[in-house]
Structure formats: C-alpha cells, structure tokens
Amino acid sequence: MGVVGRDRELDMIGTWIGDRAPGPSMAVLSGEAGIGKSAIWSGALKTAGPGRVLSCRFDESEATLAYAGLGDLIGAVEGSTAVRGLREPLRRALAAALWWEHPRQTPPDRRAVALAVLDLVRRLSAEGALLIALDGIQWMDPETEVVLAFVFRRLSTEPVKLLATLRTGADNGAWPPLARVLPAERVVCWEVGPLCPDALAAVLENRHGIALTRHVLRRLHEACGGNPLFGLELARDRAWRPNLADDVSLPGSLRHLLREHVSNLSPAAVEAALVVACAARSTVGLVERVTGGLKGLVEATTGRLVVVEGESPRFRNSLLRSTVLEVAGPLRRHQMHVRLARAVRDPEERARHLALTAGEPNAALAETLDTAAGLAAARAAPLSAADLAVHAVRLTPADQAEVALRRRLAAAGHLISGGDGARARAILEEALPHCSSGPDRANVFFLLGHAVFASGDVAGSLIPLQWGRAEIADQPELLIPIMASLTYFCMHGGDLTAALGHARELLGLAERAGDRAMCDEAAVVLCTLELMCGAPAPAVVPVPHGEAALGRPPLVALHMYGYLCRCMGDLPAAQAAFGTLDTAAETGTAADWGMVWATEVECLAGDLQAAARYADLVARTAQETGAPPTAALLAEGLVLGVRGELERARQLAEEALAAADASGHRMAVLMIRALLGFVELSGDDPMAAVLHLDAADRICGELGAIPEVLCPTAGADHVEALVQVGRYEQAAERAGRIRWAGRLIDRPLVRGLAARAGGVLLTATGSPKRGAGELEAAVEEFSVAGVPFELGRTLLALSRVQSRLRRREEARRTAERAGRIFSELGAERWAARTVLRSRLSAPNRLTISEARVVALAAEGRTNQEIAAELAIEVKTVESHLSSAYRKLGVRSRTELAVRMSAGRRDSGTPGI
C-alpha cells in the first residue's frame, strides 16, 4: 500500500535522490509527532532507485545504548567485500564496537571506529551512489552521532546522501549536531505538514476500514489538525463524537504523548497556552496583558504548540487545546477565567468568563449574560449568543421561572439560527414541563418543530407544530408563524397537497391580521407551490421586503422568492434575490436550503465562483454546528459536477442521498437524484444515469409535481440518457412533457431545454436535419436565458449533428465555440471533449480508419501486419497512409512517428 496524500513530498525526495551532483548532501524531514514523517521516509526508500541504501530507525528507549544506531545501519553489510577490505586495525575496532567479535581487554578507540566507518562509506560510494537513511535522529545515540558527524565532515566528492527524519516539538526544539555538519547549501529541510481531509479519509479507510461522511470527516480533520496518527486514534476511540462543540476528549492512546508534549514546556509557556485555550478570541495583546509579557507565547510557538496568524494565536489542533486544559486542572482554569474577565474589553467575552467563574445562581450576573447574548445575536453570532443565554439560564434564581423560560426559548432560538438543532431540541424538551398551556407551550412547540427540522428529521418536525397549532387555535396572530413553518416543512417533506392547504390558510390569516409583509410571503410561497403542481407561471409576483423577511424564520421570503424565480427560469431575478440576503447573518437549516438553491442558480448562470461561495457558506454551518450535512454535500456536489470532478461529486451526492433518505427530505432526494443522473451522464454511463433520472421522475409523479419546475435540467438529461440506451419511446414521451412544461412556464430556459431534448431525439431516430434545427433553436434560447453551461452542452451536441451531416467546418467552429465557453466557466472536463470534437470535425484531420492505420504504422508495423490486424486489404492501408501523409504534412514513417509522439504529448490523443 502506497503513502497516501504525500505525492508532493515523495516527488521532492525522489528529485533530490536522483540529483547526481558530486559530494555529500543531506535532507531532513521535520514535523510533529504522528504527522507522517516515517511513512514518507519508508515510501522514499522503496522508490529510491539504483544504488546502495543503508537505513536505521532510532527509538527513544535505545538512545543510551552505545553504537546501537550504527550497528543497525551497517549491519546489513557485515560480511561484504567492503567490510572485509578495511585495514585490519580499523576492521577490528569496528567489529569490537558493534560486537561482531568479542572485544579485547582494551575498548576500541572511538577515532578508529569513526575512521573505519569513513573508509567503509568511501568504499561503498565508489561502487555507486550511497543513501544513508535515518528515521528519528532526535533519539540517535551519542556515539553513532559522533561517528556520522566525523564521516560527513570528511567527505568531499563522494556521492553520499543522508535522508533523515526529525521530530520537532517542545521537547526537542534544537536540531541535533548531525543536522548542522554540512554547509547550508548542501542541506535541504522539508517540514511535513498536515494531511488534507481527503487524504486523511483514505488513511482511515486503508488502516481501519472506516468510511466517514463528509461532515464527520471535516470535524475529525479539524480536531486532529490533519495529523494522521491523531486522526487514526480519534476515529478508533469510542469516546470520540463528531458533534462535540468545543473540547475533544483525549483517547488514552494519545493522552500520554500529548501531556508529555505540554509538560516539557516552561511554566510561562504553559500559562500563555492556557490564555489561548480559555479565551474565546485570543490575541497577542491579550496574552501580553494577562501574563505580563510575550516570552511564554514565543516558547509555546517555537515548541509547536500554537501558531500565530497575524495578531491571533491558535492551537495547531484542538487536541492540544484539550491537553492544555486537562493539564491545568479545574482550579487553574477557574483562576485564568477570573484574570481574563478583568483583562478583556469585549462585554460579551467578559460576561462569558464571569459565567465560567460562577457556581451559584446570581440574578445580576444572569442579567449581564442575557444582555451579552442579545449583543452577540445582534452582531450575527447566534452560537455565541446561545452559549451566553445557556449560562444565563443556569445562573437564573429558582424564583424567576418566567424569566428562565424566556431565556431558554431565546437560547433555543439562537441555536436554531446557528443550525444546531440537536442542542436546541434538548433545551426545549427540558423546558416543556415548566410551561403552562396556551401561548407559552405553543412557543415551545413552535421552536421545537424548528429544532427537529434543523436536526435532520423533516417528517418529525410537523408533529410539534401541529401540537402548537392546537394550543392557540383561536389566536390568529400567534398562528401565523406556525402556519408558515408548516407550509415550509411540508414542502421540503414532499407533501405538496398539505403545503398548498397551509399556504392558503396562511394567506387568509395574514390578510385578517393586516400583516402586509406576511401576505407577500404567503403569496410567494403559494405561487411557488401552485407552479410546482402544474399551474401556469404567475404574470406578477409580489417582491417581499428583505427587512421583514429576515425576521421571520423559517420562511425567509427572499429565499423563497429566489426559488420561485429559479423555477420560472428567471435567473437574473433569482440571483438578485439571493444576492440581497445578508448571508453572514442568515444562518440555520432553512437558510442553508436557500444557499443550495442559490448554488444551483449560479451553476446555471455560469458563475462557478459565486456558486462555490454559497456552497462554502452551507459547509461552514454544517462544520461549525454539527447540523445534518445533506445541504452542504448537495451544494458542493453541484459545483463539482459542473466542473467535471465527477468521482468526488458522485461520492458527495451518494452521501447526501443517504442522509436525505434517512431524514425524510423528499425534495432533497429529488435534487440529489437529478444531480447523480447528470454526473453519470457526464461520465458516459447512460444506464446509471437513466436509473437515477427514472427515480427522480417517479418521485415527481408521487408528489404530483412538474419535474421541469423542481429540477429544470433533469428532463433534458433524462431524454439524452434514454436515447443513448436506445429507449426511444420513453425518450419521446419525456420530451413531450418537457415541451408541455415549456408552454406552461414560457421562459427561454425551459424552451431551450425542450428544444435540445427534441433535437437529440430527432437525430437519434433518423432525422438529423430536423434535429440540427431544434438544437440551433435551443442555442438561441440558451443565449437569451444566460445559461452558458447548457449553451455549451447544446453546441457540443449540435457539433456532432453537423459532423454527421458532413458540415465539417461548421462543426469544428461550433465545437470550438463550446470549448471557449467551457474553458471560461472552468468546466475543464467538458472543454477537453470539445477539443477532441473540433479535431474530429476538421477537414484536414484524419478519419477514424486513417487514425487506426497511422497509429499502427507509427509503432513500426509493416503494411502487411497492419492489414492483417485490421482485416483490410494492403492497398487500403497504402491508401490511408498516403492520405494521412498529405493531411499531416509528413513524408516518411519516421516523420510520422515523431508527429504522433508530439500529438500525444500535446493533447493526449494520437494526432487526430
């Protein structure tokens, strides 16, 4: 099994080993414990190439054994000609030092041992390049180090290289003398950094057979800092949970290692590290104010415990933070929070430190924390606000039950806004027994429905909302937010009939209450649901007011308005709606799905950078809160699918599908099936695409929804996949439904999709001229709609039809236009397809038959051999070669071979 995720390091070492410059040289791989230095070192030795290798691994337990390392290093050549050729006094000294022979009464002279090794190294390097590989030189025994330093000081032109690994950290900050023997220009140092999340996932799967979801992998990577040893131990340890908010419990396998790392620091460094561990937002200035200087922070940094980015120190990984807190103990942590409460200037952070120093209820302190929670919420930090509100609840005296309930509801609301439904659900379920019937219980049930939805149970979210509705059946103004939530959650759950009923009831309630903003929101949702179910697109849609909408979770009217515009194919209006949202403030599960829709819109509109930004916003929420990863996985998969990173897009989509199925989120299942169909079609597996797109079509039928509204491009993909597998009758039926949807919505996007589907079908069923006409009409529609990716796909299909109609030059220009579009978008896989298509369409390029003959001729085959292999006449071979020579501008097989080789290097294709 190879070394995972370290190709760059292995390439650098391979280049260094392959450098044949005369004289000795040294390379040192440095890094923290467990980062993977030894794995890279071992992998490099396996691919070291020709030449002799002497290797040795050092161990801490053997650091006091004289010549232990030297014996391992040259033990493999004990009986070699090089050893036997040593001058006898030197051979005897070496044999005695390494116990190859029983030593005499007088111990061997250390200089004689060093001279023997020097002579041996020169003899071995005279036979060819010599690589000395040392793993863990921080634990090298002193005698071995003295000998090797003696040897390398005296080498001059001998081709000897030394590859070493060095563990860096608090306990061994200084480099051993051996690493400083050669001049600086002959020494190269590489610091081994952390693994990326995908490489860490591969290590886990190879070592333990553990396959993690994207969300869990991100949390694990954040906890271990990309250190493979830490990641392996965390993933294997049963105590680790991916939803921990801050502190990560230390597995026993790592506790000793990490505590030793921290304990080797000075008290000043540990104190500075404790400031960073306890402070919510640590700065260099804060550390200096609390500790009285920066000496401790400097030591903690050089000891590789923390890193300083700008003015903000942070731990290299959260395991080190947990270790510092554990080593400090509860009393020192309490004292540090007292000191920080005096030192920090931010009122929120001061309140937080005060809360962590208080053990008994305190009304004044609880009020301070409640105020700080409001400040945090106002600056769009819902999770910080929730933490402060939870502390306020804890410190509220028992005789203030109503105040405590209000603060519990506020804490739950902040958690829901931050996407942490699980914690919100626990707080609300604890509050239910303490509240009376009526509005109080209705509010708890309302928030509980949101918390259940945010925790990933779409179907389960409806039950608390129904209970809340029953508590206030005769109070219309209180029913409005509950009915809005029921509408939204039923839509996501796929019960469009119930969602329509709730939307109509919501509109009536808003009109009776005179709530103009909610009337607009309800109208938007009602129009969207009716369009989904087959009603014509509305002529006029009220644009909701952003300020009113942002205060009404979870409907988030601007998101819903953007979604309605996307359903109607009005991408500029959809982009404007999503772009006006304050994405820094709009968090939570409801807003996450708005970001998914925004990602889809930007992919359609061809702005993959904007799409990636939206996808990152969703991913950040999932990573920070432990929210269900469905939305994040789907958003990232959409972007990767368009870019052409199909394997990764498929993996993310399959993870998202499993999560959506488990949660009962049928609208998500539908979108993911459509994405998987597109990915498989892009990857030239039309049968797999048909299976996914059949499933998406079936779900739409069960929902009573129009597929072209819910997944605009899935229908055209479906037709193309069906055509490729020869299911023409089903393709014709599906194309007919797209045409009907085009008349229903009557927008350029849907009309273009209908035309492309018809063009692909007509071409496949024997009417390429009519098919070309339909595709040309689709090109015009997509140009108006502003959907460059779909335009590029259509141009590529049109190029194929034009080539079939022998309009070669026209086909080439069409393919080149498609290529320019894909290149500008960053859709490299599709751009590569257009390069091949334009070459096949060019009139001066080879035909397929000519290309086959030319490829064999370039390999040195005779005309007779080519004819036999291709089952054609020799005269046909001669004719094809003559035509190919003329087209390629060559005059001989030698020139042909050179031309073919250049073609392969330039394009990956055999010169066609």
Side-chain angles (χ1 to χ4, degrees), residues 449 453 458-459 461-462 465-466 469 479-511 515 517-544 549 552-570 573-574 577-578 589-591 593-594 596-598 600-601 664-671 674 696-697 699-712 714-715 737 740-741 744-747 750:
F453 184 86
V458 177
S461 66
L462 301 175
L465 292 172
Q466 295 287 8
R469 181 183 184 183
L479 275 174
I480 285 177
I482 291 179
M483 296 308 302
S485 301
L486 281 169
T487 303
Y488 187 83
F489 295 163
C490 283
M491 185 188 83
H492 277 275
D495 191 347
L496 298 187
T497 301
L500 271 168
H502 293 319
R504 292 183 179 117
E505 187 175 350
L506 174 63
L507 183 57
L509 287 169
E511 288 173 345
D515 189 335
M518 182 50 72
C519 285
D520 289 347
E521 291 191 41
V524 167
V525 177
L526 187 58
C527 286
T528 304
L529 290 167
E530 289 174 342
L531 183 64
M532 287 180 179
C533 296
V540 179
V541 179
V543 181
R552 296 181 183 274
L555 211 54
V556 194
L558 285 173
H559 281 173
M560 291 304 303
Y561 178 74
Y563 182 69
L564 174 59
C565 293
R566 166 264 198 204
C567 292
M568 295 192 301
D570 189 351
F578 290 126
T589 307
W593 284 102
V596 173
W597 299 331
E600 183 189 27
V601 165
H665 201 312
R666 300 200 75 195
M667 293 293 287
V669 171
L670 177 60
M671 289 185 70
D697 203 28
I699 293 170
C700 283
E702 293 168 358
L703 300 182
I706 307 302
E708 282 61 47
V709 174
L710 274 61
C711 299
R737 284 194 282 133
W740 177 81
L744 180 75
I745 299 173
D746 197 25
R747 300 286 302 187
V750 184

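The first residue in the sequence is number 1, and the count goes up from there.
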Exercise for review: Write down the atom of Ala484, the atom of Leu506, and the distance for their closest heavy-atom approach.
Suggested key: CA-CD2, 3.8 Å

Exercise for review: Starting from the C-alpha separation in whole Å, work towards a yes-or-no answer on side-chain contact (heavy atoms from CB on, under 4.5 Å) for His665 and Trp593.
Suggested key: CA-CA 11 Å; His665 201 312; Trp593 284 102; 3.5 Å; yes

Practice item. Sorted by first residue and then second, give each salt bridge (charged side-chain N to carboxylate O under 4.0 Å, His left out) pair with at least one member in residues 703-712; sequence neighbours left out. Key: Glu708-Arg734

**Study point:** Smallest separation among heavy atoms of Leu529 and Leu500, with atom names
**Key:** CB-CD2, 3.6 Å

Review point. How many angstroms lie between atom CG of Leu744 and atom CG of Leu531, to the nearest 0.5 angstrom?
Key: 6.5 Å

Exercise for review: Applying side-chain contact (heavy atoms from CB on, under 4.5 Å), run through Met532 and Met667 and close with a yes or a no.
Suggested key: CA-CA 12 Å; Met532 287 180 179; Met667 293 293 287; 3.9 Å; yes

Review point. Can you tell which of Tyr561, Phe578, Tyr563 makes a ring-ring contact (aromatic ring centres under 6.0 Å, His included) with Trp597?
Key: Tyr563

Review point. Does the side-chain contact (heavy atoms from CB on, under 4.5 Å) test come out yes or no for Glu505 and Leu486, once each step is laid out?
Key: CA-CA 11 Å; Glu505 187 175 350; Leu486 281 169; over 6 Å; no

Exercise for review: Decide yes or no for Met518 and Met483: does some side-chain heavy atom of the first lie under 4.5 Å from some side-chain heavy atom of the second?
Suggested key: no

Exercise for review: Taking all non-hydrogen atoms of both residues into account, name the closest pair between Leu507 and Ala523 and its distance.
Suggested key: CD1-N, 4.4 Å

Check your understanding: Of all heavy-atom pairs between Cys700 and Pro707, which one has the smallest distance, and what is that distance?
Key -> SG-CA, 3.6 Å

Practice item. Taking the side chain as every heavy atom from C-beta outward, state whether Cys490 and Leu462 have any atom pair closer than 4.5 Å. Key: yes

Point to revise | Distance in Å, Ile482 CD1 paired with His502 NE2, rounded so as to fall on 0.5 Å steps | key: 11.5 Å

Practice item. Calculate, to the nearest 0.5 Å, the distance between atoms CZ and CG belonging to Phe489 and Asp495 respectively. Key: 14.5 Å

Exercise for review: Applying side chain to side chain contact (heavy atoms under 4.5 Å, CB included) between Cys533 and each of Ile706, Leu496, Thr528, Thr497, report the one that passes.
Suggested key: Leu496

Check your understanding: Which pair of non-hydrogen atoms, one from Gly562 and one from Ala574, has the smallest distance, and what is that distance?
Key -> O-CB, 3.5 Å

**Study point:** Residue list, side-chain hydrogen bond (donor to acceptor under 3.5 Å, both in side chains) with Glu702, at least two apart or on another chain
**Key:** Arg666

Check your understanding: What distance separates Ser485 OG from Ile480 CD1, expressed to the nearest 0.5 Å?
Key -> 12.0 Å

Exercise for review: Please report the C-alpha distance between Ile699 and Leu710 in whole Å, then the side-chain angles of each, then the deciding distance to 0.1 Å, and finally whether the side-chain contact (heavy atoms from CB on, under 4.5 Å) criterion is met.
Suggested key: CA-CA 11 Å; Ile699 293 170; Leu710 274 61; over 6 Å; no

Study note, to complete from the structure: For Ala503 and Thr487 the tightest heavy-atom approach is N-OG1, 3.5 Å

Point to revise | Value rounded to 0.5 Å, distance of CD in Glu600 from SG in Cys711 | key: 7.0 Å

Review point. Is a donor on one side and an acceptor on the other found under 3.5 Å between the side chain of Arg566 and the backbone of Val709?
Key: yes

Check your understanding: Could you give the distance from CG (Leu564) to CD (Glu530), rounded to the nearest 0.5 Å?
Key -> 10.5 Å

Check your understanding: With sequence neighbours left out, what residues match Asp697 under side-chain hydrogen bond (donor to acceptor under 3.5 Å, both in side chains)?
Key -> Arg737

